[in-house]
Engineer: 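I have a structure I would like to understand better, so I am pasting it below and will then ask my questions one at a time.
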Amino acid sequence: MKRVFAHIGFSFATTMLVLNLIPAKYDLYVIIGLAVLLIASLIIKKYKEALAVPICLGAAVFACLIFTLTMNLYVAPAQILNNSNAECEFYIVELPQQNDSGEYSYIIKTTKINYPNSPQNIKVRLKTKYPINAECYQIIKGRLVFHRIADNAFSSYGYWGKNIFLSSKPVNCIPTKAYVSSPMKYIINARQGIKNRLSAIGGDEGALSQALIIGDKSDISPEIYTNFRISGAAHLMAVSGLHLTAISSFILLLLKKLRLPDKASFCLTLGVIAYYCALCGFSKSVVRAGIMMSILMLGNLFGRHSDPLNSLGLAVFIIAINPFAVCDAGAVLSVLCVLSLCTGYPYFEKKISASKLFRNHSLNNAFRYLLKALASALCIMAYSICAYYLFFGYVSLVALVSGVILIPLGSFATILTLLTNFFIRIKIGAPFIFLSRIVNRAILIIVEKFASMRFAIINFENYFGLVAAIILIILAICFIINKKHIKTALVISFVFAVVSVFSMSALNNSATYMYVTQNGAVAICENSSTAVFGVNSKGDYYSLRKFISTRNNSVDFIGTNIKNQYSSLLADELNCNRIIYRTYKKEISDKLKIDYKTKRELYNFTAKANNIEISKNNTSSDKSDICIINKVCKDKNGYIELENGDIIYRISDNNYRVRRVNIWQE
């Protein structure tokens, strides 16, 4: 059987994805069902001889086993510490991050937790208002208050994929003089050294350089990151195959110029790949790229041909050994991107290469390049559309065009950043700093232009999942019954998906939505009108600006408790000439039926049959359907912690649905 690892890897990862998506109470039924199918495939001669079916089912059953063991051996023990506090010894394992409100976030690893039956050596997120005066891998003693990060991997924003199931806040922290011996300490120091050197570029250009070569987005402003996401170019800041290919090719070319033997060059490059993966924190996307690149180079080293799909399947299997890695948006999109280029794109590439349309044209090669770039972007979007629905709730339309310009420019910027880092180290980096600043500024300008385009993105509705399921069923039936009609099925599926997306976009514009940020700021959109409340931070400003811009709504007024630059800036950006402060009493916006109650700092909004109350103090109405108090959004179905991310309510006549901005949920 050809491509054994492709069958194993994708079956294994798909099963992990399903297990993470469905409620835990159904896991046992999935395991039993797959086990029965595996036994049946080993008994039925037709499938037994084909090998593909029992191998795929065997990989699926193995995935169930790994998932169950992980939940019981790692997740469940960590949850014992939820809502508890204990004296601990720990050390910092990553460079700290700082959010808009000035709060610091650390990733720590415990060496000792004084709590009955608790696990000991675990990773924990530590959040504090003040920086901890300690180095990485320096032992710290203190009392920590623990709480769980999320109920499942999808709502953990990637933390479960890093084996981090708990968050904590310190009561006290006392650094000691002891250190933990680890080779990763040198990697952290090297990472910090790169950041310090590239900071010489300055501004957003320097922050982009850090993201390009080590995947560090901590200095990227929310505005820049929002522009990259809207323009479909966020993958440039997630180190993956694009960056690793550019770096490996550059190193191989350099070693070739030095006339090193091929085997020595390959071995050195493999070492650089391993070091680079560590430097980027072993993110899932760079690990995937590193495995595939290593297999390709080892094949060349031993004179063997490596199959891209087999290599991808092996990489997927290794990554998915961690059951929650499949909930990492970067990893999933990286795999789907490569899968589309291995399976769908070659068909279009062959047709374009064989076309006689531009044979006698002087710009033949340029036209072919543009057509191939558009074909690759279209394939990537088609393969990734379900992942965009699952993780983000929208898809970027301008990505079809932006990639043609930004991918080659991003590759050039990555190589230039590497050279800049090297020459800064040897004290002659001024010319390269200047060049990097120019190239990065060009990327930022292009991204901003694409992000500002009208209808740059299309938002999905909840029931797009049904559309995706119908498409998958059509393709599965066609694949099982008659593979000859697979092309026709693909065309029908594509047309069906496009019509559905645009139909849902039209429905979005006519529905009532309430967007709530992590800090409790709110935008309420009904038809073409919008009201905004409580924009008090930079994060609120960028989140609401992005949401309102995607809907192309006009803003009737902005209400705020205090005068601040972010409310004024948002008003300027959205051409709103009415800012209502707490002390300003006036009846406003009859269209939205909004009652602004200044004394209790309550914002009441009525949309048809629903009454929504938003409060910033402990006073609330028993009749309210939705109430926001102290970064917790309560409704009739329970409560949602805003700290884990922005949320959106879709309000209908008699009900409403809620989802995370980046993670869909009921």
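Starting from 1, each residue takes its place in the sequence as its number.
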Engineer: Specify the closest pair of heavy atoms between P131 and Y106, including all atoms of both residues, with the distance to one decimal.
Structural biologist: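 Looks like CA-OH, 3.3 Å.
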
Engineer: State, to 0.1 Å, how close R125 and I164 come at their nearest heavy-atom pair, and which atoms those are.
Structural biologist: N-CG2, 3.6 Å

Engineer: Per the ring-ring contact (aromatic ring centres under 6.0 Å, His included) rule, what does the pair list look like for residues 257-282, sequence neighbours excluded?
Structural biologist: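 Checked against ring-ring contact (aromatic ring centres under 6.0 Å, His included) - neighbours excluded - no pair reaches residues 257-282.
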
Engineer: Grab the two heavy atoms, one from A59 and one from F12, that are nearest each other, plus how far apart they are.
Structural biologist: O-CD1, 3.4 Å

Engineer: Could you pull out the closest heavy-atom pair between C64 and T15, with the gap in Å?
Structural biologist: SG-CG2, 3.9 Å

Engineer: What distance do I194 atom CD1 and S199 atom OG have between them, rounded to the nearest 0.5 Å?
Structural biologist: 12.0 Å

Engineer: If the test is side chain to side chain contact (heavy atoms under 4.5 Å, CB included), which one of N20, L21, T14 qualifies with L17?
Structural biologist: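 That would be L21.
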
Engineer: Does atom CD (Q97) have a neighbourhood of more than 12 heavy atoms from anything else shown, all under 6.0 Å?
Structural biologist: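 Yes.
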
Engineer: Would you compute the distance between atom OG of S265 and atom CE of M297 and round it to the nearest 0.5 angstrom?
Structural biologist: 8.0 Å

Engineer: Ignoring hydrogens and angles, tell me if any N or O in the side chain of S231 forms a donor-acceptor pair with the backbone of F228 under 3.5 Å.
Structural biologist: yes

Engineer: Could you list the residues that satisfy side-chain contact (heavy atoms from CB on, under 4.5 Å) with S248, not counting sequence neighbours?
Structural biologist: L244, T269, I273, M293

Engineer: Considering residues at least two apart in sequence or located in another chain, which fulfil the side-chain hydrogen bond (donor to acceptor under 3.5 Å, both in side chains) criterion with E89?
Structural biologist: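 E89: no side-chain hydrogen bond (donor to acceptor under 3.5 Å, both in side chains) contacts found.
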
Engineer: Ignoring hydrogens, what is the shortest heavy-atom contact between P175 and Q138? Give both atom names and the distance.
Structural biologist: CB-NE2, 3.8 Å

Engineer: By side-chain hydrogen bond (donor to acceptor under 3.5 Å, both in side chains), which residues pair with T343, not counting sequence neighbours?
Structural biologist: Y383

Engineer: Could you check K195, Q210, R197 and say which one makes a side chain to side chain donor-acceptor pair (under 3.5 Å) with N421?
Structural biologist: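 When K195, Q210, R197 are each tested with N421, the side chain to side chain donor-acceptor pair (under 3.5 Å) holds only for R197.
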
Engineer: Less than 3.5 Å apart, any donor N or O on the side chain of T420 or S436 sitting next to an acceptor on the other?
Structural biologist: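 Yes, a side-chain donor-acceptor pair sits under 3.5 Å.
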
Engineer: If I take atom CG from residue N196 and atom CZ from residue R191, how far apart are they, to the nearest 0.5 angstrom?
Structural biologist: 12.5 Å

Engineer: Which residues satisfy the side-chain hydrogen bond (donor to acceptor under 3.5 Å, both in side chains) test with E205, sequence neighbours excluded?
Structural biologist: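 For E205, the residues satisfying side-chain hydrogen bond (donor to acceptor under 3.5 Å, both in side chains) (neighbours in sequence not counted) are R441.
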
Engineer: So, applying side chain to side chain contact (heavy atoms under 4.5 Å, CB included) with Y91, which one of I108, T111, T110 is it?
Structural biologist: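 It is T111; the other options fail the test.
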
Engineer: A quick test of your reading: do over 12 heavy atoms of other residues, nucleotides or ligands sit less than 6.0 Å from CG of N133?
Structural biologist: no

Engineer: May I have the list of side-chain donor-acceptor pairs in residues 310-338 shorter than 3.5 Å, sequence neighbours left out?
Structural biologist:
unit_1: N310; atom_1: OD1; unit_2: V4; atom_2: N; d: 3.4
unit_1: N310; atom_1: OD1; unit_2: F5; atom_2: N; d: 3.1
unit_1: N310; atom_1: OD1; unit_2: A6; atom_2: N; d: 3.2
unit_1: S311; atom_1: OG; unit_2: D307; atom_2: O; d: 3.0
unit_1: N322; atom_1: OD1; unit_2: F324; atom_2: N; d: 3.1
unit_1: N322; atom_1: ND2; unit_2: G161; atom_2: O; d: 2.6
unit_1: D328; atom_1: OD1; unit_2: G330; atom_2: N; d: 3.0
unit_1: D328; atom_1: OD1; unit_2: A331; atom_2: N; d: 2.9
unit_1: S334; atom_1: OG; unit_2: R288; atom_2: NE; d: 3.0
unit_1: S334; atom_1: OG; unit_2: R288; atom_2: NH2; d: 2.7

Engineer: Counting only heavy atoms not in Y186, do more than 12 sit closer than 6.0 Å to its OH atom?
Structural biologist: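 Not buried by this count: 12 neighbours or fewer within 6.0 Å.
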
Engineer: For atom OH of Y74, decide whether the heavy atoms of other residues, nucleotides or ligands shown that lie under 6.0 angstrom number more than 12.
Structural biologist: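 No - once you tally the heavy atoms of other residues, nucleotides and ligands closer than 6.0 Å, there are 12 at most.
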
Engineer: Looking only at heavy atoms, which two atoms of C277 and V286 are closest? And how far apart?
Structural biologist: SG-O, 3.7 Å

Engineer: Can you tell me how far the CG atom of L198 sits from the CG atom of N440, to the nearest 0.5 Å?
Structural biologist: 9.5 Å

